[in-house]
Amino acid sequence: MNPPSTYQRIYAVVARIPRGCVATYGQVAQLAGLPGQARLVGYALSACGGALPWQRVVNARGRISPRGDGNGEEIQRQLLESEGVRFDEGGRIPLARYRWRPNDEHP
DNA sequence: CGTCTGACGATAT
DNA sequence: TATATCGCCAGAC
């Protein structure tokens, strides 16, 4: 097998974020084995084409990153709310509560 | 092959 | 809390 590309590792991690949870760019990067490369996660998602739950990835402040797309922020927020993720008055997600915990599976 | 751009994060001031 | 700076990779031209 070819060595997985950087982007493919990112996609693999994003794909396993469970519904109703969110992860930060830095967190995804770390889980993908790319610590410190939070930017690549954003770049990768911009190129993912939409075959992934990209809406579950937000920045370290629990805020949706503005992008050149225009209303992408609004779309992402609605997708998350429809999954049960609530935003506070500042339009931020309480990461302490919704942050994805990969090892938190309940056996 | 050089240059520019693009969904971030941490640190310093 | 806000602003500025650096580092990182891939794709388009």
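Every chain is numbered from 1 and lettered A, B, ... according to where its sequence line falls, protein lines coming before strand lines. Atom set for the values below is all heavy atoms of this structure, side chains included, hydrogens, waters and symmetry mates excluded.
In this structure, L95(A) is not a member of the same hydrophobic cluster as V57(A), with clusters built from ILVMFWY side-chain heavy atoms closer than 4.5 Å. Grouping the Ile, Leu, Val, Met, Phe, Trp and Tyr side chains by contacts below 4.5 angstrom, directly or via other members, places V14(A) apart from L80(A). Under a hydrophobic clustering in which Ile, Leu, Val, Met, Phe, Trp and Tyr are joined whenever their side-chain heavy atoms come within less than 4.5 Å, directly or via other members, V85(A) and I75(A) fall into different clusters. Under a hydrophobic clustering in which Ile, Leu, Val, Met, Phe, Trp and Tyr are joined whenever their side-chain heavy atoms come within less than 4.5 Å, directly or via other members, I17(A) and L79(A) fall into the same cluster. Put simply, L52(A) and V58(A) are part of two different groups of oily side chains (I, L, V, M, F, W, Y) that touch within less than 4.5 Å, one to the next.
The 12-atom threshold is not exceeded at CZ of R92(A), counting heavy atoms of other residues, nucleotides or ligands nearer than 6.0 Å.
Judged by distance alone, the side chain of R99(A) and the main-chain N or O of R97(A) form no donor-acceptor pair under 3.5 Å. In this structure, the side chain of R86(A) does not engage the main chain of E81(A) through any donor-acceptor pair within 3.5 Å.
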So what does the secondary structure string of DNA chain B come out as, 5' to 3', with Watson-Crick or wobble pairs under 3.5 angstrom, [ ] for crossing and | for pairs with another strand? .|||||.||||||
How does protein reach along nucleotides 6-13 of chain C, written 5' to 3' as B (base within reach of a heavy atom under 4.0 Å), S (only sugar-phosphate), or - (no contact)? -BBBS---
Any chance you could lay out the salt bridge (Lys or Arg N to Asp or Glu O under 4.0 Å) test for R67(A) and E73(A), step after step, and finish with the verdict? CA-CA 8 Å; R67(A) 42 181 168 294; E73(A) 291 173 71; over 6 Å; no
Trace of the side-chain hydrogen bond (donor to acceptor under 3.5 Å, both in side chains) decision for Q78(A) with Q55(A): CA-CA 9 Å; Q78(A) 290 192 21; Q55(A) 67 271 25; over 6 Å; no
N/O donor to acceptor pairs below 3.5 angstrom from side-chain atoms of residues 24-36 of chain A, sequence neighbours left out:
residue: T24(A); atom: OG1; partner: Q27(A); partner atom: N; Å: 3.0
residue: Q27(A); atom: OE1; partner: T24(A); partner atom: N; Å: 3.4
residue: Q27(A); atom: NE2; partner: W100(A); partner atom: O; Å: 2.8

Which pairs of donor and acceptor atoms, one on a side chain in residues 3-11 of chain A, lie under 3.5 Å apart (sequence neighbours left out)?
residue: Y11(A); atom: OH; partner: A44(A); partner atom: O; Å: 3.0

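In dA10(B) the base sits anti relative to the sugar, since the glycosidic angle is further than 90° from 0.
First and last contacts of DNA chain B with chain A, using any nucleotide atom under 4.0 Å from a protein heavy atom and ordered 5' to 3', fall at dG6(B) to dG9(B).
Annotation: proximity of residues 76-88 of chain A to DNA chain B (heavy atom, distance under 4.0 Å) is found for no residue.
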